[in-house]
A.B. asks: 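There's a structure below that I have some questions on.
In this text, all values refer to a predicted model and were calculated from it rather than measured experimentally.
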Amino acid sequence: MKRLFSLLLAGLMLLSLFACTTDTTNNHSDKLKIIATIFPQYDFARTLGGNLCDVSMLVSPGTETHSFEPTTSDILELSDCDIFIYTGGESDSWIDSMLRNIQNPDMTVISLMDCVEVEEEHQDHNHSHTDEHVWTSPVNAITISEKICNVMCEKDSENAEIYRQNFEDYKEKLTDLDETFREITESSLRNTLVFGDRFPLKHFATEYNLDCYAAFSGCSDDTEASAATVATLIDKVKAENIPLILKIELSSDNIAATIQKETGAEIRTFYSCHNISKDDFENGETYLSLMEKNTETLRAALN
C-alpha cells in the first residue's frame with residue numbers, strides 16, 4: 001500500500017503540473033464539493049445537501065469495499081474537495097495514509113466512528129474488535145447526519161438555513177424508522193435472528209435488544225463456515241421455530257441455503273447498507289428505503 005501511494009502521488013504531481021498550464025476557470029463551481037467513501041455517508045450528504053452540493057462516492061455501487069484502492073484521479077478529487085466523509089476504524093487505515101499526503105488545508109474530514117459511541121464486535125485473544133458499521137442504527141444515523149449538517153453550515157453559511165431544514169425533515173423520517181423498529185421488536189414473539197452470513201449489524205442489534213447468531217462475525221473475509229457453526233445455526237432455527245434465515249446484500253447465500261435445506265426456513269436479505277448494487281443505485285434506493293425494507297423483514301423474522 002505504501003508503494004501504491006508513492007506511485008499515486010508521483011502521478012498526482014505530474015497531473016498538477018499539467019493542470020497549471022490549463023485554464024480551469026470554467027470548471028469552477030460554487031457548490032460545496034463533498035466526497036464520501038461509501039454509500040451510507042454519501043446518501044446522508046446528498047439528502048442534506050440537495051442540489052446545493054456536489055456529492056460523490058469513492059467506492060462505486062456493487063464494488064467490494066474492503067479491497068478498494070484509490071486511483072490517482074481519486075486523490076486529485078480529494079485534494080480539491082470541501083468535505084471528506086469516511087467511516088474510520090481499521091478497514092479505513094489506508095485513508096489516514098492518503099490524507100497525510102494531501103495538501104488541502106481547507107478540507108474538513110468527518111469520521112463516522114468519531115460521531116457516535118462504537119459497539120464492540122467481538123473479542124479475540126484478549127483484543128477487542130469494534131463494529132465499524134455505525135450507521136445501521138437509525139439513532140446513530142441521526143447523530144451522524146447532524147454532524148454532517150453542522151459542517152455544511154460552517155462551510156456554506158449562506159445556505160445554512162436550508163441545510164438545517166433538510167436535516168430536520170430527515171431526522172423526522174429517521175425517528176419514524178426508529179420507532180417502527182422499536183414497535184416491531186417490543187411486540188414480537190421472539191427476539192432472535194439467524195444470519196447465514198456475515199454480521200455487520202452489532203449496532204442495530206444492540207439498539208433494539210436483539211439476540212443474533214451468524215456464520216461469521218462482522219465483515220469477516222471467511223467464505224466457508226465450519227460444520228459445527230452451521231450445525232449450531234440449524235439447531236437454533238429448529239429449536240425456536242425461526243421462520244427466516246437472513247443474508248446480507250451483495251453476499252452469497254450458500255450458507256443460508258444449507259440451513260434452509262435442513263430447516264425449511266425462508267431466506268431473505270437484510271440490508272446493512274454498507275454498499276448498494278448498481279441496479280438499486282440506478283433505481284434510486286436510499287438508506288431510508290433500504291432500512292424500510294428491513295422493517296418488513298424484521299417483522300416477518302420475529303413472528
A.B. asks: Is the count of non-hydrogen atoms from other residues, nucleotides or ligands lying under 6.0 Å from Lys293 atom NZ greater than 12?
C.D. replies: yes
A.B. asks: Can we say Glu240 and Lys236 salt-bridge, meaning some charged N sits less than 4.0 Å from an Asp/Glu carboxylate O?
C.D. replies: yes
A.B. asks: For the residue pair Tyr86 and Phe84, is the inter-centroid distance of their aromatic rings smaller than 6.0 Å?
C.D. replies: yes
A.B. asks: For the side-chain hydrogen bond (donor to acceptor under 3.5 Å, both in side chains) test, which of Thr108, Asp82, Asp106 pairs with Lys155?
C.D. replies: Thr108
A.B. asks: Are the ring centres of Phe199 and Phe216 closer than 6.0 Å?
C.D. replies: no
A.B. asks: So which atom in Thr136 and which in His203 form the shortest heavy-atom distance, rounded to 0.1 Å?
C.D. replies: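 In this case the closest contact between Thr136 and His203 is OG1-CB, 3.5 Å.
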A.B. asks: Check this for me: does any side-chain nitrogen of one of Arg182 and Asp178 sit under 4.0 Å from a carboxylate oxygen of the other?
C.D. replies: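 Yes, this pair counts.
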A.B. asks: Please say whether more than 12 non-hydrogen atoms of neighbouring residues, nucleotides or ligands are located less than 6.0 Å from NZ in Lys147.
C.D. replies: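 Not more than 12 within 6.0 Å, no.
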A.B. asks: Does the separation of the ring centres of His133 and His274 fall below 6.0 angstrom?
C.D. replies: yes
A.B. asks: For this output row, return yes or no: ring centroids of Phe204 and Phe181 closer than 6.0 angstrom.
C.D. replies: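 Ring centres of Phe181 and Phe204 closer than 6.0 Å.
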A.B. asks: Between Arg299 and Glu183, does any side-chain N to carboxylate O distance fall below 4.0 Å?
C.D. replies: yes
A.B. asks: Does Glu266 have more than 12 heavy atoms from other residues, nucleotides or ligands lying within 6.0 Å of its CD?
C.D. replies: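 Yes, the 6.0 Å shell around CD holds more than 12 heavy atoms from other groups.
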A.B. asks: Going by the angle between their ring planes, with limits at 30° and 60°, are Phe270 and Phe195 parallel, tilted or perpendicular?
C.D. replies: perpendicular
